[in-house]
Amino acid sequence: MYKIWSWYLEIYTSEECLPYVKPENTAVNNDEELKDEVDKLKKKIEELKKRNEQQKEKVDSSKKQERQSRSRKYQQTHDLSEEETREIIDQQLRDAGWEANTKKLNNNKNKNKTLPKKGKRMAIAEWVLSNGKRADYALFEGLNLVGVVEAKEWGKDIPGDLTQAKEYAKLITKDPDVYNLVVKDDATYKVPFIYSTNGRPYIRQYKSKSGIWYLDTRNLNNHAKPLQAWHSPDDLKLKLSAKPEKEANEDLKNESMLSFANRYYQVEAIRAVENAIIDGKKRILLQMATGTGKTRTAIALMYHLLKAKKARRILYLVDRNSLGRQTEDTLKNLKVDATSIADIYGVKALSGGKVEKDTKIHIATVQSMISRLFSGINNDESVTVGTYDFIIVDEAHRGYALDRDMREGDERIYDEQDYVSQYRRVIDFFDATSIAMTATPAKHTVEIFGSPIYSYSYRQAVLDGWLIDHDTPYVFKTELSENGINFEVNEDVTVYDSEKNTISTETLDENMNFDVSQFNRRVIANDFNRVIAEKLTEYIDPTDEMAGKTLIFAVTDKHADDFVIALKDAYEKAGIPVPDDAIQKITGQTYEYGQAIKNFKNETYPNIVVTVDLLTTGIDVPEITNIVFLRQVRSRILYEQMIGRATRPCEKIQKDHFNIYDAVGIYDKMKSVSNMNMVVKDPNHNLDYYVNKTNPLDYEDEADYETYREDLLATIQRKIKRIPEDKLSEFCDFAKINSTNEWTQSIKNMSKEELSQEMPKIAKLASFKYNDAKMIISDKEDRFKNVDRSYGDSGKKPEDYLESFNQYIQNNQNELLGLEIIKTRPQDLSLSELKEIVLTLSQYGYNERDLQNAWKKVKGEQTAASIISFIRQAMMTTDRLEDHEAMVNRAMNKVYGMTEWTVMQRKWLDKIAKQLKQNEVLGKNAQQAFDTIPAFKSNGGYNRVNKLLDGKADEIIKIINENLYA
């Protein structure tokens with residue numbers, strides 16, 4: 001008590017702490033005197049309470065820091081004595097389930113000569129060793145000697161003194177009349193578990209001076225590690241009953257993969273984690289893109305660990321109750337040999353009550369575990385450091401400020417650093433291997449778990465066909481979003497007080513300006529909401545099930561409510577009847593939001609949902625085809641989680657892409673740091689383009705070829721997603737492949753030659769027709785300005801894009817090989833020269849499709865002009881463009897009129913016309929054209945074509961070249 005009093009005086013007062021004086025007269029003569037003394041003390045306490053209330057001060061942060069500093073200095077200068085330290089350690093051992101009392105349970109012959117007893121779990125102090133030395137404690141589970149402890153003074157470093165405990169473990173000798181050894185006779189250490197501690201609570205930043213350092217001596221490659229509490233007797237008993245490590249590792253290696261997690265990357269991920277476990281890693285990070293089956297992968301991993309008896313019990317840790325319920329449902333649905341995983345091993349959601357030791361998989365939120373372990377209110381004695389062998393941490397990136405609207409768990413942790421530190425405390429508490437899973441590792445995630453041992457990215461998943469790519473975002477711009485909302489000094493404004501829920505009028509004493517990032521956060525922008533809602537009605541039809549569902553991210557719960565109203569009003573104004581349940585808000589404030597989420601996933605309505613943060617992580621609704629941003633976020637992780645809600649494929653609606661509608665400019669802000677930008681560089685290039693206008697063999701640079709192959713593969717995956725199953729089976733029969741998945745996997749690594757051989761199959765796939773999912777395109781006042789879709793790699797406006805293209809061509813006509821030929825004698829341009837020009841232009845962000853779209857936007861006229869026409873137009877500084885097809889038809893009409901061609905010759909001329917439309921040029925002469933272009937070369941080249949055309953091949957090519965750009 002004196003220690004506490006002296007600490008209080010030094011930290012909170014300026015009073016001098018006098019030396020301790022032992023009371024001389026502690027005897028109380030009778031009960032009446034004792035009662036009088038108690039009454040006096042109670043009266044004194046009441047007086048002190050009143051004085052405290054009168055003098056109560058508001059402690060600012062600097063005062064708190066000063067007190068913390070003084071407290072640290074006090075700890076450094078006031079170490080506990082050895083006797084006081086032992087009292088603390090005794091209590092810690094008792095808390096873990098051991099009988100401990102240094103003074104009474106003591107093996108010293110000069111004291112009690114305590115010995116172990118059957119049915120008792122004792123920590124016997126001063127255990128005498130064979131050389132006369134004494135171990136500070138020996139731990140006995142009945143008559144079994146299971147551990148020795150080296151206790152240090154309060155301020156001493158701990159890890160180095162494990163060496164002393166190791167020596168004690170070697171000095172233990174057989175004494176079957178008193179106790180049993182539980183290790184093999186030839187074991188180096190005669191005790192399986194050794195500990196060293198100075199009694200101080202574990203502090204990660206000072207781990208060498210705190211915690212309970214522990215070593216499992218049964219494997220000489222094991223390393224010591226700090227624990228936050230003592231193993232219970234049951235913990236050590238279970239460790240000793242576990243399957244031998246080598247045997248369990250071998251069984252783990254030989255486990256076969258389960259059908260519900262057998263995609264190649266899931267298999268690789270599971271094997272990578274298992275190998276890391278076998279190698280002894282205690283912190284493991286697995287990175288898998290949202291929607292690629294992290295939960296199934298985790299469940300398959302848990303099944304392997306439990307079946308191989310590598311794990312006795314596993315904790316599945318989530319940050320939201322909804323994710324816990326989702327995981328529990330999945331465990332009940334996934335089966336092995338017709339029996340669910342939940343039925344095989346037992347699953348317990350730790351929503352309250354004691355831990356069920358017979359169940360093997362426990363699911364809990366971080367918040368509830370913090371309450372169980374550290375709150376001091378609901379401390380659960382059934383949860384010990386050895387309760388779990390493994391912890392699976394789902395959505396391990398979490399650590400940014402949590403949604404204040406959430407009503408989950410027993411704790412509300414809103415400060416990021418507090419959340420991370422508490423989150424880490426849960427991981428650090430258990431003597432377990434921790435496996436973290438996330439799509440978006442944060443800095444703190446890597447600090448806790450290390451770098452990912454295996455990664456499967458969004459880009460790779462799109463190329464593999466497991467996830468969906470998005471189209472170029474629709475960027476909505478309004479006058480207010482462009483110019484901001486501005487108020488002038490002395491202007492009367494209406495003010496909403498969210499805390500008091502009142503509205504009042506105030507006069508501004510300064511100018512106030514708000515940009516779009518502050519809309520509905522610091523200024524309620526009702527007209528901005530109205531304008532955006534009205535524009536969305538032109539693109540999204542909530543009554544069309546085949547058009548998919550929409551998820552809208554609002555700023556606050558109030559903003560979500562406001563936008564639901566604005567959206568319903570907008571559809572009514574547009575004359576589009578929409579059921580009231582079709583548009584809903586789902587946040588933590590929503591009544592039974594768990595059921596609302598299930599309805600969004602499984603029912604027709606709601607079809608449009610407005611949320612804040614609640615649906616950013618781990619919620620699986622494959623039908624989402626539209627993401628709408630009404631708020632900016634600064635976290636790349638949160639942004640990618642938002643995007644990730646729409647990446648899952650959905651056969652029900654034949655989903656092949658999703659749309660992003662950006663009203664606040666977030667896409668451009670995040671583009672430079674996000675890993676989830678568009679995979680297909682130009683979604684306007686469909687599969688027909690690749691079949692008819694490209695050739696893998698034309699790519700000499702390997703990097704360019706790899707980019708081409710990735711774009712082609714992503715386009716193939718888009719096509720496959722839109723084709724019904726019966727049609728896909730028909731294609732597989734034609735292509736002589738087992739499955740489209742197996743075929744697309746093989747394309748990923750094909751050489752140019754191999755991919756060239758696959759082009760007939762790709763052409764067949766391109767020819768399949770189907771019924772495509774219906775996608776409908778379409779108090780300061782705000783007005784809608786335009787929908788922006790960027791042009792080129794740098795996102796230019798259309799007029800700027802055309803101007804920069806013209807400028808580039810004019811500045812480089814003497815530098816870029818072939819430009820002068822296009823200007824003065826296009827008939828002499830070879831196909832290889834054209835492709836070199838096209839490749840160079842694409843590297844600077846210029847391509848035929850974007851030029852055509854920009855021309856339409858600026859000139860108000862559709863064009864199918866070729867890249868050559870655009871180049872000639874730029875070099876000759878005219879506004880004249882001619883459609884490439886019209887130019888080809890003009891040239892071919894001259895050829896068709898040369899003579900009376902036979903039916904077979906006419907077919908060959910049509911082939912020439914087709915190749916000309918696809919390639920834009922054929923070559924300087926017939927020999928070059930027919931011996932270079934694969935479609936002709938593979939059919940006998942110049943000699944055969946010339947023969948079929950009665951020796952007129954040279955004349956035909958000459959006429960084409962003279963008339964094409966006439």
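Treat the numbers as computed from the prediction; the structure is a model and nothing was measured.
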Query raised in the report: Between Phe140 and Trp98, does the ring centroid distance fall short of 6.0 Å?
Result: no
Query raised in the report: Is the NZ atom of Lys239 crowded by more than 12 outside heavy atoms at less than 6.0 Å?
Result: yes
Query raised in the report: Applying salt bridge (charged side-chain N to carboxylate O under 4.0 Å, His left out), which residue pairs with at least one partner in residues 276-301 are found, sequence neighbours left out?
Result: Arg283-Asp428
Query raised in the report: Are the side chain of Tyr265 and the backbone of Thr292 linked by a donor-acceptor contact shorter than 3.5 Å?
Result: yes
Query raised in the report: Is a side-chain N or O of Lys310 found less than 3.5 angstrom from the main chain of Ile277, in a donor-acceptor match?
Result: no
Query raised in the report: Does a side-chain N-to-carboxylate-O contact under 4.0 Å join Lys253 and Glu274?
Result: no
Report task. Output yes when a side-chain donor or acceptor of Thr590 lies under 3.5 Å from a complementary backbone atom of Lys585, and no otherwise. Result -> yes
Query raised in the report: In chain order, what residues pass the side-chain hydrogen bond (donor to acceptor under 3.5 Å, both in side chains) check against Asp235, with sequence neighbours excluded?
Result: Ser232, Thr384
Requested in this report: Can you measure from OH (Tyr456) to CD (Gln287) and round to the nearest 0.5 angstrom?
Outcome: 12.5 Å
Report summary line: side chain to side chain donor-acceptor pair (under 3.5 Å) test vs Asp251 passes for just one of Lys307, His304, Lys243, Lys246, namely Lys243
Query raised in the report: Hey, which of Ile627, Val612, Val610 is the one that makes side-chain contact (heavy atoms from CB on, under 4.5 Å) with Phe553?
Result: Ile627
Report task. Run the salt-bridge test on Glu328 and Lys332 with the 4.0 Å N-O cut-off and return the result as yes or no. Result -> yes
Requested in this report: Using a strict 4.0 Å threshold on nitrogen-to-oxygen distance, state whether Asp343 and Lys335 make a salt bridge.
Outcome: no
Query raised in the report: Do Glu247 side-chain atoms and Pro244 backbone N/O form a donor-acceptor pair below 3.5 Å?
Result: no
Query - Under 3.5 Å: donor-acceptor pair, side chain of Thr327, backbone of Thr295 - result: no
Report task. Find out whether Met302 and Ile299 are in side-chain contact, i.e. whether some heavy atom of one side chain is under 4.5 Å from a heavy atom of the other. Result -> yes
Query raised in the report: With distance as the sole test, does Tyr458 use its side chain to make a donor-acceptor pair with the main-chain N or O of Ile468 at under 3.5 Å?
Result: yes
Query raised in the report: Does NZ belonging to Lys225 count more than 12 external heavy atoms closer than 6.0 Å?
Result: yes
Query raised in the report: Can you say whether the rings of His362 and Tyr388 are parallel (under 30°), tilted (30 to 60°) or perpendicular (over 60°)?
Result: perpendicular
Query raised in the report: Can Lys120 and Glu99 be counted as an ion pair, charged N to O under 4.0 angstrom?
Result: yes
Query - Gln717 (side chain) donor-acceptor with Asp464 (main chain) under 3.5 angstrom - result: yes
Requested in this report: Taking only Lys NZ, Arg NE, NH1 and NH2, and the carboxylate oxygens of Asp or Glu, determine whether Arg313 and Asp389 approach each other closer than 4.0 Å.
Outcome: no
